[in-house]
S.K.: 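Have a look at this one.
Each chain gets a letter, A, B and so on, in the order its sequence line appears, and its residues count up from 1.
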Protein chains: 2
Amino acid sequence: MTLTHAFPADESALDQAFDRLGTRITVARDEEVYAQDDEADRFYRVMSGVVRTSRLTADGRRQVGDFYYAGEVFGLEPGPDHRFAAEALTECEIQVVRRSAVRAFAGDVEVDRAILEATRVEMERLQEHVMLLGRKGARERVAGFLMGLAQRQPEDHVDLPMGRQDMADYLGLTIETVSRMLTQLQGEAIVAFPSTRRFHIRKWGALEALAA
Amino acid sequence: MTLTHAFPADESALDQAFDRLGTRITVARDEEVYAQDDEADRFYRVMSGVVRTSRLTADGRRQVGDFYYAGEVFGLEPGPDHRFAAEALTECEIQVVRRSAVRAFAGDVEVDRAILEATRVEMERLQEHVMLLGRKGARERVAGFLMGLAQRQPEDHVDLPMGRQDMADYLGLTIETVSRMLTQLQGEAIVAFPSTRRFHIRKWGALEALAA
DNA sequence: ATTTACCCTTGAGGCGGATCAAAGCGCCCC
DNA sequence: GGGGCGCTTTGATCCGCCTCAAGGGTAAAT
């Protein structure tokens with residue numbers, strides 16, 4: 001099954017720019033969209049598939065920044081170059097536009113507003129991520145992560161497009177701890193895993209309480 | 001000594017709006033500038049003193065978001081209300097403007113650009129914070145924190161306007177661990193603390209290597 | 001259907017940071 | 001200058017997560 005969310009009906013200047021100027025590219029599983037420290041002169045929008053951003057420290061530790069689903073914009077970065085790399089988690093279709101082209105197309109006013117909006121969404125996620133990493137134990141982190149996925153994909157059964165290692169690197173844990181916590185949550189009948197890459201929430205209240 | 005940095009010579013629309021429309025307020029030590037979940041309809045600029053943002057979870061754990069020094073803008077939030085509260089760490093002078101007033105004054109174009117710029121700075125800090133919390137041990141976190149302060153205040157001796165508890169809540173550690181790490185770094189002659197609220201870097205290389 | 005390879009799970013043990021407790025230390029107030 | 005209070009440091013112990021090490025599962029390739 002592919003995750004294809006409907007795009008908002010009222011399109012922002014940025015969305016319109018994607019529609020009209022966007023180059024559509026296909027990126028194979030585990031291929032890079034852009035590398036860490038590449039110049040950040042483009043915007044990207046996921047059409048299908050899931051994208052992961054990540055950053056490697058000098059000594060090889062990896063931190064996953066976030067996951068982007070169909071309809072979501074990524075590649076917004078505060079500085080002139082990418083502090084996080086972007087890779088296709090699954091095979092992806094992605095639209096790309098040069099920042100300068102977007103400006104020329106829509107004029108600075110509308111574009112700035114749209115970019116600001118997208119940046120805000122990004123900031124909100126970063127704030128949430130800081131809360132997750134700063135003051136939460138492993139159980140709570142994993143619970144929070146599952147909650148987040150479930151909210152983005154409000155179906156009865158939720159897909160996990162990422163493997164355990166990606167979850168771990170997002171949550172600042174090891175793969176073993178993630179696995180143990182999942183087993184634990186399942187043991188308590190809070191969630192159920194019909195397969196490793198798919199789950200179902202059985203006790204929303206309990207999960208919410210943990211994710212707090 | 002008060003930390004008063006020179007403001008940039010080329011003023012952005014936001015800076016100009018602060019200069020012309022800003023209401024100057026004084027906030028006493030430990031007083032709130034705005035509360036968590038307050039409506040976010042104003043921008044703030046620190047004139048003197050240091051401001052801290054923080055968020056309390058339901059069960060009482062505190063995460064410090066960031067510290068803001070003279071010249072820095074805060075109160076930018078992704079959503080309609082503040083997810084983090086802001087408090088004066090020291091006695092502060094702060095300029096405040098309504099967002100709507102800024103818009104009316106400078107027109108949306110310039111303002112959006114300036115806000116976008118400020119938001120980018122904010123995002124960069126959040127990314128750094130995520131890296132700090134996600135994949136670093138206590139030593140590295142503390143080292144990174146000291147490095148950050150030293151870069152903002154590039155004098156021989158750096159002031160610590162915040163207490164150990166604030167450092168701990170920023171770093172996702174306990175006050176005891178922070179204290180131990182400081183003692184440790186001092187023991188290795190990487191830094192020196194002439195007093196609890198003031199330090200000096202003796203081995204930049206070593207500290208940088210840790211902060212990586 | 002069988003093989004193989006990769007990912008995920010499970011187990012045992014160690015370590016880093018939290019917790020609990022008490023003793024400095026600086027600072028303000030008298 | 002003395003006393004008291006809050007912050008910081010230090011110590012001892014505990015617990016949670018990491019590390020190391022095997023064992024499963026699962027899914028694709030043959």
S.K.: Residues in side-chain contact (heavy atoms from CB on, under 4.5 Å) with A:Ala58, at least two apart?
M.R.: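 Once residues adjacent in sequence are excluded, A:Ala58 has no partner under the side-chain contact (heavy atoms from CB on, under 4.5 Å) criterion.
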S.K.: Please tabulate, for side-chain N and O atoms in residues 117-142 of chain B, each donor-acceptor pair with protein atoms closer than 3.5 Å (sequence neighbours left out).
M.R.:
| residue | atom | partner | partner atom | Å |
| --- | --- | --- | --- | --- |
| B:Thr119 | OG1 | B:Ile115 | O | 2.6 |
| B:Glu122 | OE1 | B:Tyr68 | OH | 3.2 |
| B:Glu122 | OE2 | B:Tyr68 | OH | 2.5 |
| B:Glu124 | OE2 | A:Arg83 | NH1 | 3.4 |
| B:Arg125 | NH1 | B:Asp66 | OD2 | 3.4 |
| B:Arg125 | NH1 | B:Phe67 | O | 3.3 |
| B:Arg125 | NH2 | B:Glu72 | OE1 | 3.0 |
| B:Arg125 | NH2 | B:Glu72 | OE2 | 3.0 |
| B:Gln127 | NE2 | A:Glu77 | OE1 | 3.4 |
| B:Glu128 | OE1 | A:Arg83 | NH2 | 2.4 |
| B:His129 | ND1 | B:Gly65 | O | 3.4 |
| B:His129 | NE2 | B:Tyr170 | O | 2.9 |
| B:Arg135 | NE | A:Arg62 | O | 2.9 |
| B:Arg135 | NH2 | A:Ala168 | O | 3.2 |
| B:Arg135 | NH2 | A:Asp169 | OD1 | 2.9 |
| B:Arg135 | NH2 | A:Leu173 | O | 2.8 |
| B:Lys136 | NZ | B:Ala211 | O | 2.8 |
| B:Arg139 | NH1 | B:Gln184 | OE1 | 2.4 |
| B:Arg139 | NH1 | B:Glu188 | OE2 | 2.9 |
| B:Arg139 | NH2 | B:Glu188 | OE1 | 3.0 |
| B:Glu140 | OE1 | A:Arg61 | NH1 | 3.2 |
| B:Glu140 | OE1 | B:Gly137 | N | 2.7 |
| B:Glu140 | OE2 | A:Arg61 | NH1 | 3.4 |
| B:Glu140 | OE2 | A:Arg61 | NH2 | 2.7 |
| B:Arg141 | NE | B:Lys136 | O | 2.9 |
| B:Arg141 | NH1 | B:Leu171 | O | 2.7 |
| B:Arg141 | NH2 | B:Leu133 | O | 3.2 |
| B:Arg141 | NH2 | B:Lys136 | O | 3.2 |

S.K.: Rounded to the Å, how far apart are B:Leu171 CG and C:dG16 P?
M.R.: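 In whole Å, C:dG16 P lies 18 Å from B:Leu171 CG.
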S.K.: What does A:Arg141 touch in the nucleic acid at a heavy-atom separation under 4.0 angstrom: a base, only the sugar-phosphate, or nothing?
M.R.: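 Since no nucleic acid heavy atom lies under 4.0 Å of A:Arg141, the category is nothing.
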S.K.: Hey, are the side chains of A:Val51 and A:Ile94 touching, using non-hydrogen atoms and a 4.5 Å cut-off?
M.R.: yes
S.K.: Rounding to a whole Å, what distance do you find between A:Leu160:CG and C:dC8:C1'?
M.R.: 13 Å
S.K.: Which residue pairs satisfy the salt bridge (charged side-chain N to carboxylate O under 4.0 Å, His left out) criterion with at least one member in residues 29-39 of chain A, sequence neighbours excluded?
M.R.: none
S.K.: Indicate whether any N or O donor in one side chain lies under 3.5 Å from an N or O acceptor in the other, for B:Glu87 and B:Ser54.
M.R.: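 Checked: B:Glu87/B:Ser54 side chains pair up, N/O donor to acceptor below 3.5 Å.
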S.K.: My understanding is that only residues two or more places apart in sequence, or in another chain, count here; which of them pass side-chain hydrogen bond (donor to acceptor under 3.5 Å, both in side chains) with B:Thr183?
M.R.: none
S.K.: From CZ of A:Arg164 over to C1' of C:dT10, roughly how many Å is that when rounded to an integer?
M.R.: 14 Å
S.K.: Holding to ring-ring contact (aromatic ring centres under 6.0 Å, His included), I want the full list of residues that pass it with B:Tyr44, two or more places apart in sequence or in another chain.
M.R.: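 By the ring-ring contact (aromatic ring centres under 6.0 Å, His included) rule, B:Tyr44 matches B:Tyr34, B:Phe74.
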S.K.: Of all nucleotides in DNA chain D that come within under 4.0 Å of a heavy atom of chain B, which is furthest toward the 5' end and which toward the 3' end?
M.R.: D:dT8 to D:dA12
S.K.: Listed by chain and number, what are the side-chain contact (heavy atoms from CB on, under 4.5 Å) partners of B:Ala206, not counting sequence neighbours?
M.R.: B:Ile190, B:Lys203
S.K.: To the nearest Å, give me how far apart CZ (A:Arg197) and P (C:dC7) are.
M.R.: 9 Å
S.K.: Give, ordered by number, those residues of residues 174-193 of chain B having at least one heavy-atom distance below 4.0 Å to an atom of DNA chain C; if nothing qualifies, reply none.
M.R.: B:Thr174, B:Glu176, B:Thr177, B:Arg180
S.K.: Looking only at heavy atoms, which two atoms of A:Ala209 and A:Ala212 are closest? And how far apart?
M.R.: O-CB, 3.4 Å
S.K.: In terms of side-chain geometry, is the basic nitrogen of A:Asp159 or A:Arg198 positioned less than 4.0 Å from the acidic oxygen of its partner?
M.R.: yes
S.K.: Could you work out, with side-chain contact (heavy atoms from CB on, under 4.5 Å) as the rule, every residue matching A:Glu93, not counting sequence neighbours?
M.R.: A:Arg24, A:Thr26, A:Met47, A:Ser48
S.K.: Take the C1' atoms of the five end pairs on each side of the helix from C:dA1-D:dT30 to C:dC30-D:dG1, get both axes, and report the angle to 10 degrees.
M.R.: 40°
S.K.: Which residues pass the side-chain hydrogen bond (donor to acceptor under 3.5 Å, both in side chains) test with B:Thr90, not counting sequence neighbours?
M.R.: none
S.K.: Of the residues in residues 132-140 of chain B, which ones touch DNA chain D at a heavy-atom distance under 4.0 Å?
M.R.: none
S.K.: Less than 3.5 Å apart, any donor N or O on the side chain of B:Arg45 or B:Gln95 sitting next to an acceptor on the other?
M.R.: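 Yes, because at least one side-chain N or O of B:Arg45 sits under 3.5 Å from a partner of the opposite role on B:Gln95.
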